[in-house]
> 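Dropping the structure in here first, questions after.
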There are 2 protein chains.
Amino acid sequence: MQRYRQLQIKLTPQRLAILSYLNGNKTHPSAEDIYKAVKKQFPTMSFATVYNTLEALKNRGGVMELKIDDKRKRYDPDSTKHHHFICTKCRSIVDIFKDYKLSLPDELKKGFDVTGNSIEFYGTCRKCKKGSEQ
Amino acid sequence: MQRYRQLQIKLTPQRLAILSYLNGNKTHPSAEDIYKAVKKQFPTMSFATVYNTLEALKNRGGVMELKIDDKRKRYDPDSTKHHHFICTKCRSIVDIFKDYKLSLPDELKKGFDVTGNSIEFYGTCRKCKKGSEQ
DNA sequence: GAGTTATTTTAGAATTATTCTCAGTTGATA
DNA sequence: TATCAACTGAGAATAATTCTAAAATAACTC
Ligand SMILES: [Mn+2]
Ligand SMILES: [Mn+2]
Ligand SMILES: [Zn+2]
Ligand SMILES: [Zn+2]
């Protein structure tokens with residue numbers, strides 16, 4: 001809990017609740033998911049607080065913003081390098097920990113300064129596969 | 001021009017203008033980019049027509065929807081398999097044609113049905129690199 | 001512990017991208 | 001040339017996110 005102190009943000013009860021919800025969370029929740037979960041403990045919690053906190057965390061590397069879902073942003077408290085599998089049916093997002101060491105040949109990167117990459121694998125998750133079977 | 005006929009959509013002047021704007025376009029435009037460009041020829045063009053046409057094209061593989069930009073959807077008339085480089089400063093998106101043959105080990109994909117993948121390379125484009133130099 | 005203050009919270013309004021509505025129009029087919 | 005399902009377009013509706021500003025408070029100082 002006290003490792004949140006290193007984030008250099010004012011530790012309010014609302015923020016601690018958000019951090020606690022995010023800690024170890026592998027569901028890649030949306031802002032609304034977070035809002036709903038934390039509102040149970042803090043009925044006065046507002047969306048602005050969720051977004052403000054996510055913004056503060058983002059700036060400090062405490063959370064990553066995923067652009068994977070076309071409807072809403074998703075947040076990932078694990079900011080170590082990894083990739084994702086996305087189920088196109090239920091929108092669930094699953095971590096893929098594997099370093100692919102992708103290199104971009106000079107003739108393709110024409111002067112770009114490449115600082116990173118991320119891979120998205122698409123398909124159907126096990127649950128949705130089962131569900132669609134006859 | 002007549003190859004648009006194979007798309008099986010009613011060919012209206014508005015749609016032809018959109019198709020002509022998209023044809024060979026490598027800028028990965030947003031709906032607004034398309035709207036603004038086509039409105040020059042069709043002052044009565046509406047956003048609904050742009051979105052309707054993009055939806056029809058999407059369903060027929062005539063255009064791909066990119067979730068790369070966190071502000072708005074981007075559209076790619078090239079639906080052949082390729083990846084992208086995204087400049088985090090100016091948001092420009094550049095095609096990367098290279099087949100990386102990414103395989104997902106069984107122990108990682110746990111029953112998923114993986115149908116495809118896409119890679120995003122991040123960094124600074126040549127123009128933005130120059131611009132930020134002293 | 002009390003005082004100070006910059007930061008944060010919150011309800012609600014504002015913004016923005018996208019989707020919807022529906023009345024009028026039109027491309028495609030026969 | 002007549003028919004009609006599909007399309008257009010102005011504007012309204014929706015939904016995610018951001019903004020506003022007044023009240024509250026964490027953290028720092030004494
Ligand atoms: Mn993840
Ligand atoms: Mn492309
Ligand atoms: Zn699924
Ligand atoms: Zn750039």
Side-chain angles (χ1 to χ4, degrees), chain A residues 1-21 28-60 62-75 91 93, chain B residues 1-21 28-60 62-75 91 93:
Chain A
M1 281 286 186
Q2 306 318 75
R3 53 180 262 265
Y4 295 142
R5 195 137 292 153
Q6 79 188 59
L7 288 169
Q8 312 254 31
I9 56 175
K10 221 157 106 172
L11 289 182
T12 66
Q14 293 88 339
R15 284 180 166 180
L16 285 171
I18 291 172
L19 285 164
S20 147
Y21 173 76
H28 306 86
S30 65
E32 191 183 8
D33 293 333
I34 299 169
Y35 172 74
K36 281 182 177 165
V38 178
K39 199 176 173 66
K40 287 174 190 164
Q41 309 160 50
F42 285 90
T44 65
M45 169 72 55
S46 79
F47 258 111
T49 296
V50 173
Y51 281 111
N52 285 344
T53 302
L54 288 170
E55 178 66 20
L57 291 174
K58 239 194 310 177
N59 295 335
R60 291 162 178 80
V63 82
M64 281 196 314
E65 196 175 272
L66 305 183
K67 290 170 284 188
I68 278 177
D69 189 323
D70 64 331
K71 293 297 178 200
R72 52 186 61 77
K73 291 175 185 165
R74 301 281 213 108
Y75 296 89
R91 287 192 165 141
I93 300 176
Chain B
M1 281 287 183
Q2 306 318 76
R3 54 179 262 267
Y4 294 143
R5 196 136 294 155
Q6 78 187 61
L7 288 169
Q8 311 256 32
I9 56 174
K10 225 158 104 171
L11 288 182
T12 66
Q14 293 88 340
R15 285 180 165 181
L16 285 170
I18 291 172
L19 285 165
S20 147
Y21 174 76
H28 305 86
S30 65
E32 191 183 9
D33 294 332
I34 298 168
Y35 171 74
K36 281 183 179 166
V38 178
K39 200 177 173 64
K40 287 174 190 163
Q41 311 159 49
F42 286 89
T44 65
M45 170 71 55
S46 79
F47 259 111
T49 296
V50 172
Y51 280 111
N52 284 344
T53 301
L54 288 170
E55 178 67 20
L57 291 175
K58 239 194 311 175
N59 295 336
R60 291 163 177 79
V63 82
M64 279 195 316
E65 196 175 273
L66 305 182
K67 290 169 285 190
I68 279 176
D69 189 325
D70 64 330
K71 294 297 178 199
R72 54 185 60 75
K73 290 176 186 166
R74 301 282 212 107
Y75 296 89
R91 287 193 165 140
I93 300 176

> Is it true that a side-chain atom of B/Arg15 and a backbone atom of B/Lys10 form a donor plus acceptor pair closer than 3.5 Å?
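Flag set: sc B/Arg15 to bb B/Lys10 pair under 3.5 Å.
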> A/Asn59 has an atom CG; how far is it from atom P of C/dT7, in whole Å?
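In whole Å, C/dT7 P and A/Asn59 CG are 14 Å from each other.
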> Looking only at the side chain of A/Ile9 (C-beta and beyond, no hydrogens), which of the listed nucleotides D/dC7, C/dA28, C/dT8 gets closest?
C/dT8
> Rounded to the nearest Å, what distance is computed from the CZ atom of residue A/Arg60 to the P atom of nucleotide C/dT7?
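To the nearest whole Å, that distance equals 11 Å.
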> Whole Å only: how far is the NZ atom of A/Lys67 from the C1' atom of C/dA17?
17 Å
> Looking only at side chains, do A/Asp33 and A/Ser30 share a donor and an acceptor under 3.5 Å apart?
yes
> With distance as the sole test, does A/Arg74 use its side chain to make a donor-acceptor pair with the main-chain N or O of A/Leu66 at under 3.5 Å?
no
> Between B/Ile93 and B/Ile68, is any pair of side-chain heavy atoms under 4.5 Å apart?
yes
> Starting at CG of A/Asn52 and ending at P of C/dT7, how long is that distance when rounded to a whole Å?
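Going from CG in A/Asn52 over to P in C/dT7 covers 13 Å.
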> Where each residue is assigned the nucleotide of DNA chain C containing its nearest heavy atom, which of B/Pro13 and A/Thr44 is assigned the position nearer the 5′ end?
A/Thr44
> At their closest point, which heavy atom of A/Phe42 faces which heavy atom of A/Ala17, and how far apart are they?
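Closest pair (atom of A/Phe42, atom of A/Ala17, distance): CE1-CB, 3.7 Å.
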> Rounded to the Å, how far apart are A/Asp70 CG and C/dT18 P?
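In whole Å, C/dT18 P and A/Asp70 CG are 10 Å from each other.
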> For A/Arg15 and C/dT7, what is the distance between atoms CZ and P respectively, to the nearest whole Å?
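In whole Å, C/dT7 P and A/Arg15 CZ are 11 Å from each other.
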> So, does B/Thr12 get its side chain near the phosphate of D/dC7, meaning an N or O under 4.0 Å from OP1 or OP2?
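No, no such contact exists.
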> What is the distance, rounded to the nearest whole Å, between atom CD of A/Gln14 and atom P of C/dT10?
4 Å
> So which nucleotide from D/dA26, D/dT8, C/dA11 ends up closest to the side chain of B/Thr53?
D/dT8
> Main chain of B/Asp69, side chain of A/Lys67: is a donor-acceptor contact present, judged purely on distance under 3.5 Å?
no
> side-chain contact (heavy atoms from CB on, under 4.5 Å) between B/Asp70 and A/Lys73: does it pass, once the steps are laid out?
CA-CA 8 Å; B/Asp70 64 330; A/Lys73 291 175 185 165; 4.0 Å; yes
> For the side-chain contact (heavy atoms from CB on, under 4.5 Å) test, which of A/Lys40, A/Glu32, A/Lys39 pairs with A/Lys36?
A/Glu32
> Check A/Val50 against A/Ile18 and note the closest heavy-atom contact, atom names and distance.
CA-CD1, 4.0 Å
> Taking only heavy atoms on the protein side, list every residue of residues 33-43 of chain A lying under 4.0 Å from any atom of DNA chain C, sorted numerically.
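Result for residues 33-43 of chain A: none.
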> Base, sugar-phosphate alone, or nothing: which one does A/Thr49 contact when heavy atoms must sit under 4.0 Å apart?
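Base contact - A/Thr49 has a heavy atom under 4.0 Å of at least one base atom.
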> Where do B/Val63 and B/Leu54 come nearest, in terms of heavy atoms and distance?
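Taking B/Val63 first and B/Leu54 second, the nearest heavy atoms are CG1-O, 3.9 Å.
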> To the nearest 10 degrees, how far apart in direction are the end axes of the helix from C/dG1-D/dC30 to C/dA30-D/dT1, each fit to five base pairs?
40°
> Would you indicate whether the side-chain heavy atoms of A/Leu57 and A/Leu19 approach each other to under 4.5 Å?
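Counting from C-beta outward, A/Leu19 and A/Leu57 do come under 4.5 Å.
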> Measuring from the side chain of B/Lys10 (C-beta onward, heavy atoms only), which nucleotide among C/dA11, C/dT7, C/dA28 has the closest atom?
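Output: C/dA28.
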> Using the side-chain contact (heavy atoms from CB on, under 4.5 Å) rule, take B/Glu65 and B/Tyr75 through it: C-alpha gap first, then chi angles, then the decisive distance, then the call.
CA-CA 5 Å; B/Glu65 196 175 273; B/Tyr75 296 89; 3.8 Å; yes
> What's the CG-P distance between B/Asp69 and C/dA17, to the nearest Å?
10 Å
> Heavy atoms under 4.0 Å is the rule here; annotate nucleotides 11-18 of chain D 5' to 3' with B where the base is hit, S where only the sugar-phosphate is, and - elsewhere.
-----SSB
